[in-house]
Amino acid sequence: MRLYGTDVASRLLLGTAQYPSPAVLAEAVKSSGTGIITVSLRRETAEGSGAGFWDGLRDTGCRILPNTAGCHTVQEAVTTAHMARELFDTDWIKLEVIGHADTLQPDVFGLVEAARILSADGFKVFPYTTEDLVVGERLLEAGCELLMPWGAPIGSGQGLRNPDGLRAMRAHFAGVPLIVDAGIGRPSDATQAMELGMDAVLLNTAVAKAGDPAAMARAMALAVDAGRAGYLADPMERRDMAVPSTPVLGLAELNMTETA
């Protein structure tokens with residue numbers, strides 16, 4: 001997988017919030033095999049985090065993808081992105097502009113505007129968006145080279161609520177990296193996303209809130225790999241009727257004709 005000119009080995013991206021401890025986080029990151037971890041600027045500067053949390057992230061050896069989580073306006077997102085670039089020394093930014101407080105659905109109008117501003121300023125934007133094709137087109141026109149459609153509301157664990165929409169995105173945006181972001185709750189959800197042709201999955205809560213985060217991180221990694229392999233294998237189409245797997249031709253026939 002190639003993102004903004006950078007080769008990425010793992011198709012699983014992992015968030016770093018809500019873990020019970022830094023040690024559990026580090027173990028989960030290692031078990032996942034991920035090469036990219038996301039971090040909120042607000043999480044980094046929260047009370048009790050600071051330099052220790054940042055040092056722990058660097059020790060993972062993963063590439064940091066800061067995000068603008070919690071931003072509800074264009075100005076807030078742009079300002080946060082600039083602060084993140086200075087703090088984390090990267091021009092990669094996961095762009096979130098939240099439009100609805102309950103569902104945390106993206107404000108797609110503000111998202112496109114913020115993406116245009118940040119792209120013009122040299123940022124490599126990873127936009128958290130919906131599965132809307134028109135919005136996707138506008139984000140690409142704004143300078144984004146990939147799209148991150150949601151599977152379901154952030155932290156809900158509902159899985160893919162609109163697989164047909166994601167399938168349509170894959171068909172429409174051939175060649176554009178698509179990363180399902182948010183809503184993944186179980187390994188089967190991650191597999192389904194990859195079987196639809198998504199290039200990667202970004203998740204956080206499903207691992208952080210699991211009874212054994214490291215074990216769940218490993219399960220998610222295996223699920224992503226399995227789904228990708230299944231997609232590349234070109235799986236059979238679904239059928240409405242049963243089709244026998246054993247050929248009918250050549251079956252033995254019993255002749256019950258009575259002889260005189």
Side-chain angles (χ1 to χ4, degrees), residues 3-6 8 13-19 21-22 25-26 29 34-101 103-130 135 138-150 153-155 177 179 181-182 200 202-205 208:
L3 306 176
Y4 285 107
T6 299
V8 179
L13 287 67
L14 197 63
T16 58
Q18 305 184 68
Y19 287 84
S21 70
L25 167 60
V29 170
T34 186
I36 299 175
I37 55 177
T38 66
V39 59
S40 168
L41 180 63
R42 298 186 180 204
R43 171 67 177 86
E44 163 62 15
T45 56
E47 182 178 356
S49 297
F53 180 68
W54 173 224
D55 289 341
L57 296 181
R58 286 189 297 184
D59 289 344
T60 65
C62 296
R63 179 155 190 160
I64 304 296
L65 175 61
N67 67 45
T68 63
C71 293
H72 291 259
T73 68
V74 172
Q75 185 57 53
E76 190 178 12
V78 170
T79 300
T80 301
H82 280 88
M83 294 173 65
R85 180 163 66 179
E86 181 176 347
L87 178 62
F88 297 110
D89 191 27
T90 178
D91 56 6
W92 281 21
I93 190 73
K94 179 191 169 190
L95 179 61
E96 297 182 23
V97 182
I98 301 302
H100 192 274
T103 64
L104 301 181
Q105 179 173 331
D107 171 0
V108 295
F109 306 102
L111 179 67
V112 171
E113 182 180 351
R116 182 174 292 109
I117 293 170
L118 293 174
S119 294
D121 197 31
F123 282 90
K124 309 296 188 298
V125 179
F126 291 62
Y128 167 60
T129 183
T130 66
V135 174
R138 297 294 182 271
L139 287 168
L140 296 180
E141 293 170 0
C144 299
E145 295 184 8
L146 57 84
L147 301 171
M148 301 182 73
W150 65 344
I154 294 172
I179 303 173
D181 177 17
L202 193 162
L203 55 87
N204 184 168
T205 309

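Residue numbers count from 1 along this sequence.
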Verify, without hydrogens or angle tests, whether [X] (side chain) and [Y] (backbone) share a donor-acceptor contact under 3.5 angstrom.
X: Thr60; Y: Leu57; value: yes
X: Asn204; Y: Ala17; value: yes
X: Tyr4; Y: Phe126; value: no
X: Thr68; Y: Glu96; value: yes

Distance in Å, [X] [atom1] paired with [Y] [atom2], rounded so as to fall on 0.5 Å steps:
X: Thr205; Y: Gln18; atom1: OG1; atom2: CD; result: 4.5 Å
X: Ile179; Y: Leu3; atom1: CD1; atom2: CG; result: 5.0 Å
X: Ile98; Y: Gln105; atom1: CD1; atom2: CD; result: 9.5 Å

For a 4.5 angstrom cut-off between non-hydrogen side-chain atoms, does [X] reach [Y]?
X: Thr90; Y: Arg63; answer: yes
X: Asn67; Y: Ser40; answer: yes
X: Val108; Y: Val97; answer: no
X: Trp150; Y: Asp181; answer: no
X: Leu87; Y: Pro66; answer: no
X: Thr130; Y: Pro106; answer: yes
X: Leu111; Y: Leu95; answer: yes
X: Leu147; Y: Pro127; answer: yes

Which heavy atom in [X] sits nearest to a heavy atom in [Y], and how many Å separate them?
X: Lys94; Y: Leu65; value: N-CD1, 3.6 Å
X: Cys62; Y: Ile36; value: CB-N, 4.3 Å
X: Leu13; Y: Ala200; value: CD1-CB, 4.0 Å
X: Gly70; Y: Glu76; value: O-OE2, 4.0 Å

Could you give the side-chain donor-acceptor pairs of residues 139-146 under 3.5 Å, partners two or more places apart or in another chain?
none

>> So, using side chain to side chain contact (heavy atoms under 4.5 Å, CB included) as the criterion, who are the partners of Glu113 when residues are at least two apart?
In response: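 Val74, Ile117.
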What pairs with Thr79 under side chain to side chain contact (heavy atoms under 4.5 Å, CB included), at least two apart in sequence or on another chain?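 Side chain to side chain contact (heavy atoms under 4.5 Å, CB included) list for Thr79, sorted by chain: Gln75, Met83.
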Requested in this report: Answer yes if the side chains of His82 and Asp121 hold a donor-acceptor pair under 3.5 Å, and no otherwise.
Outcome: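 Distance-only check passes for His82 and Asp121.
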